[in-house]
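Data first, discussion second: the structure below is written as structure tokens.
Ligands are counted one by one from 1 in listed order, and the atoms in each one are counted from 1 as well. The figures here come from the full heavy-atom set of this structure, side chains too, leaving out hydrogens, waters and symmetry mates.
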Amino acid sequence: METDKKQPMVQFKGILKRFGNVVAVEKMDFDIEEGTLVTLLGPSGCGKTTLLRMVAGLEEPTEGDIFIKGVRINDTPIHKRNLGMIFQNYALFPHKTIFENVAFGLKYRDVSKEEIKKKVTRALEMVRLPGVEGRMPSQLSGGQQQRIAMARAIVIEPDVLLMDEPLSALDENLREEMRREVDNLQQMLGVTTIFVTHDQREALSMSDKILVMKDGQKQQEGHPEAVYNEPINHFVADFLGHSNFIRGEVVDVDNHHVNVRIETGDILIAENKGGFSQSDPVEMIVRAQRFDAFPKDEFKPVEGMNHFQGRIKDRSYMGGEVSYFIELSADREIHVISLMRTRIYDIGEEVSVQVSPHHCHLIPME
Ligand SMILES: Nc1ncnc2c1ncn2[C@@H]1O[C@H](COP(=O)(O)OP(=O)(O)O)[C@@H](O)[C@H]1O
Ligand SMILES: [Mg+2]
């Protein structure tokens with residue numbers, strides 16, 4: 001018996017969901033710890049919503065079990081699962097007041113009028129909109145309506161808060177603001193939250209844990225930094241940010257480093273995190289932000305770093321940074337995103353590119 005480990009708040013055990021011939025979620029095992037915010041991240045159609053709807057009780061698993069606080073809930077009706085839900089079209093009732101909207105979740109519970117009033121007031125304070133009880137939804141801005149939807153979800157003091165792309169309908173600035181709002185509220189309440197998104201930045205910035213999904217299958221789960229810095233396969237690396245994939249073969253391994261001959265013939269060094277041996281075909285993953293580009297004439301190579309020559313093929317100015325495509329030999333190009341520490345390079349200019357072995361991550365060639 002493991003006695004020191006806390007019971008997870010939510011557990012998926014061998015969860016599978018089929019719609020006719022479509023397998024929407026495949027044999028999923030996954031735990032969510034109490035008080036954490038977990039993001040289901042993946043492209044459209046990968047099964048995120050289906051997984052969430054099974055927790056909510058809006059879909060029934062074809063196989064497997066879902067537990068909340070250790071209790072199997074497969075057969076528990078929706079209204080007996082103590083869950084708060086916020087979906088993309090958060091749809092407040094337009095003809096009801098804010099008070100009625102927020103109080104809605106308490107209607108079928110055994111709560112006195114006095115208690116309802118207190119809880120609604122408190123929920124509106126939590127989302128930093130105190131005193132709007134008497135207004136109508138149309139009198140509030142989009143962001144404020146979103147916060148009312150949050151108040152409605154938390155007023156019942158749910159065991160788990162379920163959010164399905166709640167921010168995707170908002171414009172970029174408001175989304176950023178609401179992202180922080182959700183994050184703060186979740187931490188303040190300490191409520192276990194499952195947050196669905198296809199936006200990697202949203203996932204990286206908010207989550208205690210990310211579950212990356214593809215075609216109904218779990219690809220990787222972990223802390224944002226682990227998933228970002230140590231993706232286990234091509235898909236995860238590609239989905240979470242601007243990755244360069246450099247194909248090569250392991251030529252040498254020692255305790256600290258793996259030497260890889262890449263397509264250009266250059267040998268690049270990666271930190272040895274284990275799992276690779278001589279002549280293994282590999283892909284080296286380097287984030288575009290990890291390369292440093294220098295004018296060729298001014299470049300002084302640093303011992304132990306990887307460096308190679310290239311020519312600026314394309315560039316786009318993005319305000320705080322510049323995105324370059326740099327041509328190496330052998331038709332190989334790399335994507336480099338450079339914070340403008342130096343000047344902007346011209347198209348055709350020769351540059352030296354440097355990257356630390358620490359930022360060269362290896363995965364097996366697929
Ligand atoms: N009610 C349904 N009937 C048939 N197929 C469905 C249904 N709901 C979802 N699917 C299919 O299941 C897969 C996963 O869908 P979904 O969970 O909505 O993905 P996501 O939320 O990641 O975009 C998709 O192939 C989708 O077409
Ligand atoms: Mg969805």
Side-chain angles (χ1 to χ4, degrees), residues 10-32 37-66 68 73-75 77-78 81 83-91 142 146 149-150 152-153 158 160-172 174-175 178-179 182 186 192-222 224 227-228 231-241:
V10 183
Q11 279 182 295
F12 299 95
K13 287 195 180 165
I15 283 294
L16 183 143
K17 179 66 184 179
R18 219 179 267 125
F19 294 106
N21 293 328
V22 178
V23 179
V25 175
E26 245 181 76
K27 287 279 178 197
M28 184 74 71
D29 290 303
F30 188 58
D31 287 357
I32 297 174
L37 189 156
V38 168
T39 303
L40 311 181
L41 175 68
S44 178
C46 75
K48 307 180 295 293
T49 293
T50 304
L51 202 52
L52 206 67
R53 286 172 60 85
M54 286 190 283
V55 180
L58 298 164
E59 297 289 355
E60 219 177 297
T62 311
E63 285 175 27
D65 298 308
I66 302 177
I68 294 184
I73 54 148
N74 291 45
D75 309 313
I78 300 177
R81 303 182 188 197
L83 306 169
M85 292 179 233
I86 303 175
F87 295 108
Q88 182 177 339
N89 42 357
Y90 42 89
Q146 183 78 32
M150 286 201 264
R152 185 172 62 184
V160 186
L161 192 55
L162 307 176
M163 306 179 96
D164 194 351
E165 314 231 11
L167 312 182
S168 60
L170 307 175
D171 71 45
E172 180 58 28
L174 188 53
R175 198 156 69 212
M178 292 308 296
R179 201 187 285 164
V182 171
Q186 190 272 332
T192 310
T193 301
I194 311 180
F195 188 97
V196 163
T197 184
H198 63 270
D199 181 331
Q200 48 116 353
R201 288 204 307 166
E202 220 163 82
L204 288 169
S205 67
M206 296 174 48
S207 316
D208 295 302
K209 184 157 92 172
I210 298 177
L211 172 72
V212 185
M213 295 173 67
K214 178 196 174 199
D215 298 336
Q217 290 175 327
K218 171 162 81 177
Q219 300 291 302
Q220 187 168 2
E221 66 173 276
V227 177
Y228 185 79
I232 60 156
N233 62 27
H234 189 103
F235 174 83
V236 174
D238 202 23
F239 199 75
L240 276 100

For this session: Using a 4.5 Å cut-off on heavy atoms from C-beta on, say whether the side chain of P61 contacts that of M54.
Result: yes
Rounded to the nearest 0.5 angstrom, the OG1-CD distance for T39 and Q200 is 12.0 Å
C46 heavy atoms within 4.0 Å reach ligand 1 at atoms 19 (O), 20 (P), 22 (O)
Quick note on ligand 1: atoms under 4.0 Å from a heavy atom of S44 include exactly 23 (O)
Contacts satisfying side chain to side chain donor-acceptor pair (under 3.5 Å) that involve residues 11-20 (not counting sequence neighbours) are none
shortest atom 25 (O) of ligand 1-to-protein heavy-atom contact is with V22 CG1, 3.8 Å
Note: heavy atom closest to atom 14 (C) of ligand 1, options P43, G45, G42, belongs to G45
Atom 1 (N) of ligand 1: closest protein heavy atom, distance to 0.1 Å, is F19 CE2, 3.6 Å
Between the CG atom in L40 and the CE atom in M163, the distance rounded to the nearest 0.5 Å is 13.0 Å
Under 3.5 Å, N or O to N or O, is A24 touching ligand 1 that way?
no
Nearest non-hydrogen contact to atom 16 (P) of ligand 1 from the set T50, D215, V23, V25 belongs to T50
Notebook entry, point to check: Between S168 and D199, is any pair of side-chain heavy atoms under 4.5 Å apart?
Noted result: no
Are the side chains of F195 and L167 in touch, meaning some heavy atoms are under 4.5 Å apart?
yes
Exercise for the section: Mark whether atom 27 (O) of ligand 1 lies under 4.0 angstrom from at least one protein heavy atom. Expected result: no
Is there a nitrogen or oxygen of G47 sitting under 3.5 Å from a nitrogen or oxygen of ligand 1? yes
Notebook entry, point to check: Side-chain contact, heavy-atom cut-off 4.5 Å: L211 with L51?
Noted result: yes
- Item | Note, F12 side chain near V25 side chain (heavy atom, < 4.5 Å) | no
Backbone or side chain, does T49 get an N/O/S atom under 2.8 Å to the Mg ion (ligand 2)? yes
Closest to atom 21 (O) of ligand 1 by heavy-atom distance, out of V196, L40, T49, is T49
